Amino acid sequence: MADSSFTEWKSWRESPQFDPESFLESLDGGQSFSWNRKESYLEGSFKGYLYRLKLEGDTLSVSIPQKLDYENALSNLGEYFALETDFQGIIDTLPWRSDQNLKRAIEAYPNLRILKQPLNEALFGFLCSSTKQIPQIKEMFRLTAQQYGPEVHMQVHALPNWDVIAQLEETDLRKLKLGYRARYIHKTAQKIKAEPDWLNSLHTMDTNEAKKELLSLPGVGSKIADCVLLFSLGRLESFPIDTWIAKILKRAYGLEGFSNDQLQAFSRNHYGPYAGYAQQFLFSAARSGVLKL
DNA sequence: CCGCAGGATACTG
DNA sequence: CAGTATCCTGCG
């Protein structure tokens with residue numbers, strides 16, 4: 001059914017190349033928690049805009065609410081997909097020639113991309129992520145948006161900014177199914193409120209410095225810090241180690257008994273400066289069963 | 001009812 | 001340092 005409050009589907013001229021698997025995995029495979037699968041398209045919001053994205057063949061089409069500024073929307077989308085990053089070129093630098101596991105993972109998702117999500121949203125999402133699976137994280141994300149975020153379009157809300165979250169009590173946050181993460185999010189919001197420039201300053205820091213800053217937040221350990229660095233700040237060397245990745249690395253390379261720090265050192269050395277991209281291939285392939293655990 | 005999930009933290013030895 | 005209990009919630 002046509003929805004006249006949305007623009008016609010228009011093919012996006014600057015779209016990166018996608019195939020169906022890579023498209024779904026890039027947006028709804030654990031990097032972002034703001035996309036929902038509809039019948040024939042994905043719908044999601046970031047930076048207060050709402051998007052519908054549809055892949056037909058290798059053409060990606062976009063439709064957004066009529067009232068939004070189309071130019072700005074597409075410009076945001078380009079940034080989100082990190083169009084300036086040559087992922088095919090990066091793949092070529094990864095050691096797939098000598099690494100069968102990596103090779104199989106890349107073949108399964110040949111056009112996988114690492115997103116550059118807005119920092120505030122990525123931080124919120126990954127603060128929600130501890131011991132939660134993607135559908136549950138998305139639920140927390142959605143509830144928070146629905147309850148406290150600005151309405152983007154007819155009952156659909158975007159995530160509120162941190163200054164809005166800072167006004168909430170921990171008990172308010174607990175009602176959003178955040179559980180013990182409510183305390184982390186509450187405290188993080190207070191810190192951001194107290195130091196309004198802090199969040200944006202991460203963009204210009206070198207990776208180690210930014211990681212140190214992120215680790216100073218309650219509820220942010222190495223894994224979550226690396227997720228923010230990789231999926232928002234474009235630091236492709238960051239290598240988040242969760243239980244999936246740890247399991248794969250141990251099995252694939254015979255690293256039983258390695259600590260997460262040791263696994264990270266191994267990965268940096270083995271995969272190189274774009275280790276984080278390799279991580280995402282392995283993660284996606286393991287989760288979908290392409291790689292056996 | 002129990003065990004557990006894509007984690008962090010405080011505490012123990 | 002390595003191990004362990006605890007923090008919420010929902011699901012099987």
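A quick note: this is a predicted structure, and the numbers were derived from the prediction, not measured.
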Minimum heavy-atom distance between Leu119(A) and Leu199(A), given as atom pair plus value: CD2-O, 3.1 Å

Ring centers of Phe281(A), Trp96(A) separated by less than 6.0 Å: no

Rounded distance in Å - CD (Gln133(A)) to P (dG10(C)): 14 Å

Pairing nucleotide - dC8(C), Watson-Crick or G-U, each distance under 3.5 Å: none

Sugar-phosphate only, base, or nothing, as touched by Ser259(A) at under 4.0 Å among non-hydrogen atoms: nothing

N/O (side chain, Lys177(A)) to phosphate O (OP1/OP2, dG10(C)) under 4.0 Å: yes

Sugar-phosphate only, base, or nothing, as touched by Gly30(A) at under 4.0 Å among non-hydrogen atoms: base

Sugar-phosphate, base or nothing in reach of Leu176(A), heavy atoms under 4.0 Å: nothing

Glu256(A) CD to dA2(C) C1', straight-line distance once rounded to whole Å: 18 Å

Between dC11(B) and dC8(C) - P atom distance, rounded Å: 16 Å

First encountered from the 5' end of DNA chain B, between Gly29(A) and Leu217(A): Gly29(A)

Heavy-atom closest pair, residues Phe18(A) and Arg113(A): CZ-CD, 3.7 Å

Whole-Å distance separating the CG atom of Leu214(A) from the P atom of dT9(B): 12 Å

Euclidean distance, atom CG of residue Leu127(A) to atom P of dT9(B) [Å, nearest integer]: 10 Å

Distance-only donor-acceptor test, Arg181(A) side-chain atoms vs dC8(C) base atoms, 3.5 Å: yes

Flag for Glu121(A)-Ser34(A): side-chain donor and acceptor within less than 3.5 Å: no

Rounded distance in Å - CZ (Arg183(A)) to C1' (dT9(C)): 16 Å

Separation of atom CG in Asp261(A) from atom P in dA2(C), rounded to whole Å: 8 Å

Side chain of Gln136(A) (C-beta onward), nearest among dC8(C), dG7(B), dG10(C): dG10(C)

Euclidean distance, atom CD of residue Gln262(A) to atom C1' of dA2(C) [Å, nearest integer]: 12 Å

Verify stack between Tyr180(A) ring and dC8(C) base, 5.5 Å, 30 degrees: no

Sugar-phosphate, base or nothing in reach of Thr131(A), heavy atoms under 4.0 Å: base

Donor + acceptor pair across side chains of His270(A), Asp99(A) (<3.5 Å): yes

Sugar-phosphate only, base, or nothing, as touched by Ile137(A) at under 4.0 Å among non-hydrogen atoms: nothing

Minimum-distance nucleotide to Arg174(A) side chain [options: dA5(B), dC8(C), dG7(B)]: dC8(C)

Gap between atoms CD1 and P, on Ile224(A) and dT9(B) respectively (whole Å): 8 Å

is_close_aromatic(Tyr271(A), Tyr277(A)), centroid dist under 6.0 Å: no

